[in-house]
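See structure below.
Please read all numbers here as calculations on a predicted model, not as lab measurements.
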Amino acid sequence: MPLGLAIPLALAVLFGVALGSQAPPGLGEGLGLAVLWAMAGRRWLWLLPLGAMAAVAVVVLLAKGADLPAGLVREDLAVEGRLLEVSPEARLTRLTLAVESCAPLVEGRLPCDALRRVRLSAYEAPAMQPGERWSLVVRLRPPSGLANPDTFDYRAWLWREGIQAAGYVRRDPPPRRLAPPGVSLRRPALAHLDTRDLPPRHARWLAALTLGASERLTPDDWALLNASGTTHLMVISGLHVGLVATFVLLLGRGAARLATPGRWRLAVWPWWLAGAAAVAYAGLAGLEPPAMRAMIMTLVGLWVASGRHAPGPWQGWWLALALVLLVDPRSAWRPGLWLSFLAVALLILIWQGRPRPRGLRGWLRALVRTQLLLAPLMAAAVLVAFARLAPAAPLVNLLAVPLVSSLMVPLGLLGWLSAPLAPLSTLCWWLFGRLVELLTGLLELAVEWLPLWLPSPDQVTPLALALGLMALLWALPGLALALRLVGSLVLLAVPAITTPPPELAPGELRVRIHDVGQGQLIELRTAGYRALYDAGPRFGSGFTPLETLWPPGQRFDRVIVSHADLDHAGGVGALVDRHRVGDVLAPPGETLDVAFTPCRAGDAWERDGVRFRFLWPPADTAGLSSNDRSCVLEASAGGQRLLVTGDVGREVERAFLLEAEAPLAALVAGHHGSRTSSGPQLVQRLAPQHVVFSAGRHNPFGHPDDGVVRRFRGVGSCLWSTAHDGAVTLWLGDGQTARVRGEHPLPWRHGGVEGGCLALESSE
């Protein structure tokens, strides 16, 4: 390939990714005609980028349409495949399965043989290991996640991991092991590590740093790495693969110098040996996307450094980007790819044309300069990708990067190489463990002084832009020091100047019905007041969706638990543990994990010009079911009213109906849209402008019920569902009509729901 094609090839691949993700009409025909045009005119230089663009666009387009068909939801499917990941969690085991065959157990159903990778939960599963082949009966659903603003996008993560369905393993018939694991160096290495008498933290970090087994790190490990800005050190990245390749290259060139003293500089085989070592080490780490990306970047970097008919640094950068995206087009959606390539681009900009450092002092100065120049750009990239900022990162990385790259990784790898010599291996890993304790102590101290900062969503973009421009200002050669200093001060002032005023004025109410699956969690905010109605579900695995919504330490003035069912009260324990809660209210007679004050009809309070009051339950709840004891809340802002009825049934609705003021701006439908609630009397009298169903995607109850949906449509209500729209946000009190917005779970599917009305019906 002519070296001048590197940039056109990379741009063509990027354009192919964009075309495949947007899928304009006539995409396939247009790409085919472009390739035929190049072939017919023998425009061979055009053929490679056009062919690459077409191939990538087709791969992305096919990947978007390869999810499990909706007609197979809740159907029993027989699948066979190889386990890629096995993660035990108490009674639950998380599995990632590479599907080799799939067929519905019931004849006449849609085929599922297009599935290639699925994520499963197995309760009380037999012992399983990665690499084994299994036969399973599963129930699946298309990949989906909880769609809430400014939170982790689980659906996008499933997409870029190539997972086309998620579900659980059926116990009957039981799973069957078909074949043992295949040949793998990583698996016996991890098994050998488990037999060694190492402290748990030392073993976890050794597995992650040398074998890429980052799944062995605990949540506490990840929290410390995130807060200190050192997460990049714990994946098999270009740093690790590059170290192995450099070490082997130095050994090879040293051997060549001994063997052929007069011609050792011309020896080619040390470079090939270094490339083979990079490929072997990435293979040892499982050739997962980060390791694959690191391997390709290292191989291109070796070619650039060799100087033999090699591209320049920038041509090599574009070529590596093109190759990574050609091998794995989904990498375009991985933040790690852009973090890696941004870092390398800045390194090229910093060092291109500069003399090589000399002596220990020169290398130390170069290291400090590089880390300080990289810090603002990496902080900007992490801000955009993860909406967090680790203030300790610049200082910590000055010590952590050389400590990990120059001592910990070499010691860990030397311990593996000397495994047959147990005393030497033990010594290497003992020294590695001492360095782990030193590094974690440093990180904990740094985080204590400079804790992780999670800026508000409106601060992320201006702050990231300012940090990125600051990095460029200091990296560009030839600029005067005064210009760099003044420019930095101006850029740091921009986020403070551009931060918008508070979102809510007195008398306004923002209501957000969060997407928590089959459950309910509603956040109510005024200018200076924050309350929750319900705390979301707790799933069988112990996971509570509430944990994903906010970082710890939030302040909630009041938490109202409609009743004690797990889909409404499951997250209360985590809420009280992780956040600062003023008081908790719940119906009389309920049992919760926390102390609470009873809610009673007639209780009312006002905050910032917004009035809240309970319409139900009465003081005496004897004889009422838990559902019918639910706290029924009405909120009024500027003449617009919201009603939340919990899970009360139709008889209870009629009991408080005369107390409710009509018409309603918004109603959160009772019992997730079940037929037991939202009776004709309530619908006809209140005639809500907007109705929100808090229900899970593909829920087994058929919520919302078809009859309930038609009843609300009959009075002209606009219908919203967290199952279709993600989190639904309403603004009351700031105009004549309520404003509504949904957080759609699939970014490339826009149904025009914002401000519109939908006739939602269940899938039953």
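With respect to the salt-bridge test (charged N to carboxylate O, under 4.0 angstrom), the residues R675 and D706 do not qualify. Between D328 and R160 no salt bridge is recorded (no basic side-chain N to carboxylate O distance below 4.0 Å). For E437 and R201, the salt-bridge test passes: some basic side-chain N is under 4.0 Å from an acidic carboxylate O. At a threshold of 4.0 Å, the pair R133-E80 counts as salt-bridged, since one of the basic side-chain nitrogens sits closer than that to a carboxylate oxygen.
Between W429 and H192, the ring-plane angle classifies as tilted under the 30° and 60° cut-offs. Between F152 and Y154, the two ring planes are tilted [angle within 30° to 60°].
Donor-acceptor pairing under 3.5 Å is lacking for the side chains of R117 and T96. Side chains of H672 and N699: no donor on one and acceptor on the other come within 3.5 Å. No hydrogens or angles considered: a donor-acceptor pair under 3.5 Å links the side chains of Q520 and D534. With hydrogens and angles left out, the side-chain atoms of R697 and T722 include no donor and acceptor closer than 3.5 Å. Between the side chains of T210 and W416, at least one donor N or O lies within less than 3.5 Å of an accepting N or O.
The closest side-chain heavy-atom distance from L136 to Y168 is not below 4.5 Å.
Between V56 and the options L325, L19, L61, V13, a side chain to side chain contact (heavy atoms under 4.5 Å, CB included) holds for only V13. A salt bridge (charged side-chain N to carboxylate O under 4.0 Å, His left out) with E161 holds for exactly one of R116, R330, R334; it is R334. Across L337, V17, L326, L321, a single residue satisfies side chain to side chain contact (heavy atoms under 4.5 Å, CB included) together with S331, and that is L337.
Proximity of a side-chain donor or acceptor of D113 to a complementary backbone N or O of C102 within less than 3.5 Å is not detected. Checked by atom type and distance alone, the side chain of N148 never pairs as donor or acceptor with a backbone atom of T151 at under 3.5 Å. Between the side chain of W338 and the backbone N or O of A332 there is at least one donor-acceptor pair closer than 3.5 Å. Checked by atom type and distance alone, the side chain of T93 never pairs as donor or acceptor with a backbone atom of A125 at under 3.5 Å. Side-chain N or O atoms of S418 include none that pairs as donor or acceptor with a backbone N or O of L421 at under 3.5 Å. In this structure a side-chain-to-backbone donor-acceptor pair under 3.5 Å is missing from R170 to D76.
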| task | Test side-chain contact (heavy atoms from CB on, under 4.5 Å) on D172 and V137 and set out the steps. | result | CA-CA 8 Å; D172 186 23; V137 174; over 6 Å; no

message = Run L566 and F539 through side-chain contact (heavy atoms from CB on, under 4.5 Å) and show every step you take.
response = CA-CA 8 Å; L566 277 182; F539 299 147; over 6 Å; no

For side-chain contact (heavy atoms from CB on, under 4.5 Å), just list the numbers for L84 and L97, CA-CA rounded to whole Å, side-chain angles, deciding distance to a tenth of an Å, and then say yes or no. CA-CA 6 Å; L84 301 178; L97 182 76; over 6 Å; no

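Note: H671 and H568 fail the aromatic proximity criterion, with ring centroids not under 6.0 Å apart.
Within a 6.0 Å sphere centred on CH2 of W272, heavy atoms belonging to other residues, nucleotides or ligands number 12 at most.
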